Amino acid sequence: MSLREKQSQFARMLSLLIDYATLIGYEVTLGDSYAKSGHKDGSFHYKRLAQDLNLFKDGEYLTETQDHKTLGLFWESIGGTWGGRFEEPDGNHYSLGE
């Protein structure tokens, strides 16, 4: 699969994640997506294969990795990689292929 095809697959998966978050009562805003710097070497943000999500419930901004666990498990179930599993957890990070 080419990089462009992976990027298209990632975009489709991201729409499912956002729809699922809304369905179960969360609101999200978009954090870091494509970046040219500011992330670790080899970051999937540099390949347009990662998205950070800002998560809200009842108007409260949720910042802990554990707050993202339900979404992270859903993301993994559709083939993504959730940052909550990283050695240094990054709970709001959702990517494809890491």
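None of these values were measured; they are calculated from a predicted model.
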Would a 4.5 Å heavy-atom cut-off, applied to side chains only, mark Thr81 and Phe86 as touching?
yes
Does the side chain of Leu17 reach to within under 4.5 Å of the side chain of Leu53, using non-hydrogen atoms?
yes
Less than 4.5 Å apart, side chain to side chain, heavy atoms only: is that true for Trp82 and His68?
yes
Would you say Leu30 and Val28 are hydrophobically clustered, going by side-chain heavy atoms of ILVMFWY under 4.5 Å?
yes
Can you name the side-chain hydrogen bond (donor to acceptor under 3.5 Å, both in side chains) partners of Arg12, sequence neighbours left out?
none
Tell me whether Lys69 at atom NZ has more than 12 heavy atoms from other residues, nucleotides or ligands lying less than 6.0 Å away.
no
Any chain of hydrophobic side-chain contacts (each under 4.5 Å) joining Phe74 to Leu96?
yes
If you round to the nearest 0.5 Å, how far is OH of Tyr20 from CG of Leu73?
8.5 Å
So, the side chain of Glu27 versus the backbone of Leu55: is there a donor-acceptor pair under 3.5 Å, distance only?
no
Got Asp90 and Thr65 here, is their nearest side-chain heavy-atom distance under 4.5 Å?
no
Closer than 3.5 angstrom, by distance alone: can the side chain of His45 be matched with the main-chain N or O of Tyr34 as a donor-acceptor pair?
no
What I'd like to find out is whether the side chain of Arg85 reaches to under 4.5 Å of the side chain of Glu76, using heavy atoms alone.
yes
So CD of Gln9 and CD1 of Ile78: to nearest 0.5 Å the spacing works out to 9.0 Å
Would you compute the distance between atom CG of Asp52 and atom CG of Asn92 and round it to the nearest 0.5 angstrom?
4.5 Å
Can you say whether the rings of Trp75 and Tyr94 are parallel (under 30°), tilted (30 to 60°) or perpendicular (over 60°)?
perpendicular
Hey, any chance Ile18 and Tyr61 share a hydrophobic cluster, counting ILVMFWY side chains that come within less than 4.5 Å of each other, even indirectly?
no
Tell me if a side-chain donor or acceptor on Gln7 pairs with a main-chain N or O of Lys47 at a distance below 3.5 Å.
yes
So which atom in Gly84 and which in Pro89 form the shortest heavy-atom distance, rounded to 0.1 Å?
O-CB, 4.0 Å
Distance-minimising heavy-atom pair for Asp32 and Gln51:
O-NE2, 3.3 Å
Which atom pair, heavy atoms only, marks the closest approach of Tyr26 to Asp67?
OH-O, 4.3 Å
Any link between Leu3 and Leu14 through a network of hydrophobic side chains (Ile, Leu, Val, Met, Phe, Trp, Tyr) touching at under 4.5 Å?
yes
